[in-house]
Amino acid sequence: MERQNLGFTIFLYVCAALLALMILAPFAWLFIMSISSTNDLVSKPLRWWPVETDWSRYRILTDFTPNSHGAALMSALGNSIKIAAIATVAALMVSVPAGWAVSRTPAVGWSLWLVIGTYMLPPVALAVPLYMGLAGLGMLNTKIGLAIVYLTVLAPFTTWLLKSGFDPIPRDLEKAAAIDGARLDQMLRIIILPLAAPVIGTAALFAYLLAWDEFFYALLFTSDYRAKTVTVAIADLAGGRVADYGLIATAGVIAALPPVIFGLVMQRMLISGLTTGGVKG
Amino acid sequence: MSTLDLIGVSKSFGRTEVLKTIDISLASGEFLVLLGASGCGKSTIMNIIAGLLSPTSGEIRIDGKRINEVHPKNRDIAMVFQSYALYPNLTVERNIGFGLEMRGVPKTERQAAVLKVARILKIDGMLGRKPAELSGGQRQRVAIGRALVREPKIFLFDEPLSNLDAKLRMEMRAELKRLHRLLGTTVVYVTHDQIEAMTLATRIAVMRDGRIDQIGTPEEIYDRPATAFVAEFVGAPPMNMINAILDANGLRLEESGQRVALTIGADAPREVILGLRPEDLHLADASEEHAIAATVDFAEPTGPTLIVFARHGGNPLVASLPPHLQIAPDSQIRLTFSRKNMHIFDRASGNRIQT
Ligand SMILES: Nc1ncnc2c1ncn2[C@@H]1O[C@H](COP(=O)(O)OP(=O)(O)OP(=O)(O)O)[C@@H](O)[C@H]1O
Ligand SMILES: [Mg+2]
């Protein structure tokens, strides 16, 4: 098509704008709440922009004095970063070989569907057995324990994602590498994994975000600063005598920063289109 | 320099039988061309020789040793894939040198070898590029380079020149021939191009539906095709196939009832096919008895020859005649041929009948 219909172009832009609005509006409101005074937040009618911006809560929450809100949030932030990272790395270590194997051996594809079928079970159903298992291993309220639980949630998802990422990589490349004398590890390291890098990056990003946002298991399996994650810490803020919505919003903004930074870093890996040009057609 | 033997090799994918008892025996330094229609199993044979597929039954031997269980990387075979199979994330230089790199050849030596091959293939100016930045023909030459840079026991080429323009194809063909003379490596080569097959091969195997119909020197294949299929498949334009009856007195053409006297005959009349190559047909003098009458549909000058499309009754008849003849559509012509250029096949089995 040489020229797109003007109406269609406008329609596309409107859709894109609506989508952006839907995604960004809650975050924008979160940010506005975090810098509004309590009065502005409870006044009726609602103020959409504070009379006077109030940044004090950011100071409160980045304060490391023991037993303060700030110390609790910061340690939870640290826990979350570590737990999500461990779970993500472990999930990739499991699912890169698994995804490749399933992609290259369609005959065992059913096993992946079986594993993904476990997603149909509600987390509540798994909570008790998982709790008893962790308790038996003495891993309740540990970062590793929670990371292992997350691994069971993440690995099926990342395996499935990576399998669909390996699928379009032509098998002739592996055959050519074999004839060229490459060992399995060389073939994977030099040819296949670089070609799958965009999907691996996507899988890492999604795994990290899923682990970061998880609340239910974290609430059940952690109890104090040693393993408590940021989602639970934010909930704790709401559980006090009087809920300070501004404070909760500020914690939300702070909690959103690490994944955003991670996402920006990963974005460089997500450039796709690297697989073109190798085979005919 | 190695011999290659395929002994009773067959291959099935599930219930579909793709190869049915293939027997090939190549002496060291032979150049075997596999010819056959699309889907007849040529690439499958290549993959089995390379070790990328295991045969359902049968044995593959290199230098007399069974290699069925040997991993592809230890077979010392270089292959040009029909799909090229270039590594998209590596530069042309690294693509070509990958086999050497994996075999631990030092870098400077590798670079020299890559450059040498790249010069031959006229891609030495593109060594720094990625495959995506090349044209189809350039990619194909990189794929050839990846095989040529090594000195394997056996080369497998799966339609290596299919994407090149006519001039380049001819140059590369000559280059491959020269290299084969120089290196003397055993080659198995798949092509759809008749000229490539005739000029490169020491032997040609014509395949049909997973079987080898005939294997022989280019001359044998062309002059004495073993089956009607081989006769029609090899040669361009293809051989004319005329239905006839073989009886005690020779041939009787079914369309016209015209007779061709033969020294051989059949006691009981037998349905056969008379095969005549277009290039073996000539315009007959009025006095010539031994000729087939035909009505011209049209004539196509191709440069060196004039291809005449005609009909003998309902049977299409194509003749390659000298250029500059004036042959008008709908005119009547008579085409003659020499007895030694007749090919006769049994109509039911398609097998050649010795004349
Ligand atoms: N993995 C497979 N599973 C099932 N059938 C297959 C498989 N690979 C090839 N075939 C079938 O085997 C037959 C031979 O395929 P092959 O690729 O060897 O043909 P070819 O002679 O190389 O054809 P072309 O000239 O088109 O390259 C085809 O009918 C194809 O459909
Ligand atoms: Mg093929």
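In what follows, chains are A, B, ... by sequence order, proteins preceding strands, each numbered from 1.
- Heavy-atom distances place no part of Asp76(B) under 4.5 Å from chain A, backbone and side chain included.
- Heavy atoms of Ala147(B) lying under 4.5 Å from chain A are absent altogether.
- Here the side chain of Tyr87(B) pairs no donor or acceptor atom with the backbone of Ile192(A) at under 3.5 angstrom.
- Looking only at side-chain heavy atoms (C-beta outward), Ile179(A) and Phe81(B) come within less than 4.5 Å of each other.
- A salt bridge links Asp180(A) with Arg150(B); the closest basic N to acidic carboxylate O contact falls under 4.0 Å.
- No more than 12 heavy atoms of other residues, nucleotides or ligands shown are found within 6.0 angstrom of CD on Glu151(B).
- Residues Gln82(B) and Asp172(A) form no side-chain contact, since every pair of their non-hydrogen atoms from C-beta on lies 4.5 Å or further apart.
- Heavy atoms from other residues, nucleotides or ligands lying under 6.0 Å from CZ of Phe157(A) number more than 12.
- Heavy-atom neighbours of Phe11(A) CZ from other residues, nucleotides or ligands within 6.0 Å: at or below the threshold of 12.
- Enclosure of atom NZ in Lys65(B) is not indicated, since only 12 or fewer non-hydrogen atoms of other residues, nucleotides or ligands lie within 6.0 angstrom.
- Heavy atoms of Arg75(B) lying under 4.5 Å from chain A are absent altogether.
- Side-chain contact check for Pro88(B) versus Leu173(A): some heavy-atom pair is nearer than 4.5 Å.
- Among the candidates Lys73(B), Glu133(B), Arg146(B), Glu101(B), the residue making the largest number of heavy-atom pairs closer than 4.5 Å to chain A is Lys73(B).
- Taking CD of Glu174(A) as the reference point, atom CG of Leu52(B) lies at 11.0 Å (rounded to 0.5 Å).
- With rounding to the nearest 0.5 Å, the separation of CE in Met79(B) from NZ in Lys175(A) is 7.5 Å.
- Minimum interatomic distance between Ile190(A) and Asn89(B) (heavy atoms only, all atoms of both residues): O-ND2, 2.9 Å.
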